[in-house]
Amino acid sequence: MPELPEVEVVKRGLEKILENKPTLQKIELKRKDLRDVMPAKKLSTLVGAKILSVERRAKYLLIWTDKGGMLSHLGMTGTWRVAPEGDERLHDHIYLHFSGGLRLAYRDPRRFGIFDFIPAGKTHPKLSELGPEPFDASFTGETLWKSLRGKKINLKVAIMDQKVVVGVGNIYASEALFAAGIKPNLPAEKLSAARAEVLVREIRKVLQTSIDSGGSSISDFAQASGESGYFQTLFRVYDRAGEPCVVCKTKIKSTVMGGRSTYWCPHCQK
DNA sequence: CTCCTATCCTGCGAGC
DNA sequence: TGCTCGCAGGATAGGA
């Protein structure tokens with residue numbers, strides 16, 4: 001579910017919800033086995049800590065306190081929500097109880113998500129191998145072009161590689177390539193420097209537009225506030241196989257690349 | 001090294 | 001209506 005825009009929207013929501021810097025009073029793990037087993041003991045050292053900030057890196061959320069941090073990844077189906085007493089749902093795996101009666105719930109039916117402890121002043125190993133943030137000045141046509149040297153894989157698969165650029169997942173990879181007019185099956189190393197510039201621009205544009213739209217709400221994605229995003233109504237190719245291209249009316253094609261459904265217009269994308 | 005596949009897990013919609 | 005099948009926003013291990 002969540003690619004960079006959705007995680008960013010959740011991050012902003014949590015920031016707002018936690019803006020009064022409440023104290024973490026209790027961490028309740030209903031079920032410990034997400035993708036990895038959650039470290040209950042280490043996490044319990046955060047009880048009594050005061051929330052400092054919420055950060056996003058790639059598709060990870062970092063919730064910092066004065067005693068250390070919590071790393072959250074939403075996997076495919078993870079959501080954070082404000083859950084008042086009485087609002088307990090199937091697949092709620094974590095409840096964070098705060099001062100002032102606030103309770104946050106993490107729900108994740110498929111349990112592909114991650115929730116881990118970060119010692120104060122440290123980083124997390126999962127963050128060490130990540131590529132540039134798409135909005136960072138270090139992500140340019142030139143750096144993208146360089147990172148694709150020697151890569152024979154499809155460009156679409158390449159831009160979903162979190163070492164090349166973070167945050168671009170299956171939806172926005174198809175959408176960005178359509179916007180850039182580049183076919184998804186172009187061998188990554190064949191992308192010219194000039195077209196890499198265009199792609200960087202379009203990746204940024206599609207991600208920003210989605211953030212501004214509150215992300216894409218497919219099935220169950222929602223912001224922490226419970227509101228849905230509406231970028232899914234702005235999809236131009238994703239999930240539109242067989243439908244007419246919004247530009248030229250040619251039927252949108254779909255194939256599997258790197259194990260994931262990929263959508264493109266055979267006329268507009270060269 | 002790079003690349004490719006299978007896999008973790010549950011729910012849902014399409015098709016019969 | 002009820003069943004089965006295939007697929008779903010991600011990331012990683014393991015083998016070629």
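A note on names: the letters A, B, ... follow the listed sequences, proteins ahead of strands, and every chain is numbered from 1.
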May I ask you to verify if any side-chain N or O of [X] is less than 4.0 angstrom from the OP1 or OP2 atom of [N]?
X: Arg111(A); N: dC8(B); answer: no
X: Tyr238(A); N: dG9(C); answer: yes
X: Lys152(A); N: dT2(B); answer: no
X: His91(A); N: dC9(B); answer: no
X: Thr77(A); N: dG9(C); answer: no

Go through [options] for me and flag the one nearest to the [X] side chain.
X: Tyr60(A); options: dT12(C), dC3(B), dG10(C); answer: dT12(C)
X: Glu3(A); options: dG9(C), dA11(C), dC9(B); answer: dG9(C)
X: Leu90(A); options: dA11(C), dG11(B), dC9(B); answer: dG11(B)
X: Gln162(A); options: dC8(B), dT10(B), dA11(C); answer: dA11(C)

**Request:** May I ask you to say what Gly113(A) touches in the nucleic acid, namely base, sugar-phosphate or nothing, with a heavy-atom cut-off under 4.0 Å?
**Result:**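 Here Gly113(A) touches no strand at all.
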
**Message:** Under 4.0 Å, counting only non-hydrogen atoms across every strand here, what does Gly169(A) touch: a base, just sugar-phosphate, or nothing?
**Reply:**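 The residue Gly169(A) makes sugar-phosphate contact but no base contact.
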
Calculate the interatomic distance between [X] atom [atom1] and [N] atom [atom2]; express it in whole Å.
X: Met160(A); N: dC4(B); atom1: CE; atom2: C1'; value: 14 Å
X: Phe112(A); N: dG9(C); atom1: CZ; atom2: P; value: 11 Å
X: Leu74(A); N: dG10(C); atom1: CG; atom2: P; value: 11 Å
X: Asp108(A); N: dC8(B); atom1: CG; atom2: P; value: 16 Å
X: Asp116(A); N: dT12(C); atom1: CG; atom2: P; value: 13 Å
X: Arg35(A); N: dT7(B); atom1: CZ; atom2: C1'; value: 11 Å
X: Leu130(A); N: dA11(C); atom1: CG; atom2: P; value: 9 Å
X: Tyr263(A); N: dA8(C); atom1: OH; atom2: C1'; value: 9 Å

**Message:** My understanding is that only one of Phe178(A), Tyr238(A), Phe235(A), Tyr172(A) makes a ring pair (Phe, Tyr, Trp, His ring centres under 6.0 Å) with Tyr263(A); could you say which?
**Reply:**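 Output: one option passes, namely Tyr238(A).
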
**Value rounded to 0.5 Å, distance of CD1 in Ile153(A) from CG in Asn185(A)** =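 It comes to 13.0 Å.
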
Please state the [atom1] separation for the pair [N] and [M] - nearest whole angstrom.
N: dA6(B); M: dG6(C); atom1: C1'; answer: 16 Å
N: dG11(B); M: dT12(C); atom1: P; answer: 24 Å
N: dC3(B); M: dG9(C); atom1: C1'; answer: 23 Å

**Asked** Within a radius of less than 6.0 Å around NZ of Lys11(A), do more than 12 heavy atoms belonging to other residues, nucleotides or ligands occur?
**Response**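 Yes.
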
**Asked** What does dT10(B) pair with, Watson-Crick or G-U, if both distances are under 3.5 Å?
**Response**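 Here dT10(B) is engaged in a pair, and the nucleotide opposite it is dA8(C).
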
For the residue pair [Y] / [X], report whether a side-chain donor-acceptor contact shorter than 3.5 Å exists.
X: Ser174(A); Y: Trp264(A); value: no
X: His91(A); Y: Asp108(A); value: no
X: Thr262(A); Y: Lys156(A); value: yes

**Side chain Arg260(A) and base dA8(C) donor-acceptor under 3.5 Å** =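 Result: no qualifying N/O pair found.
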
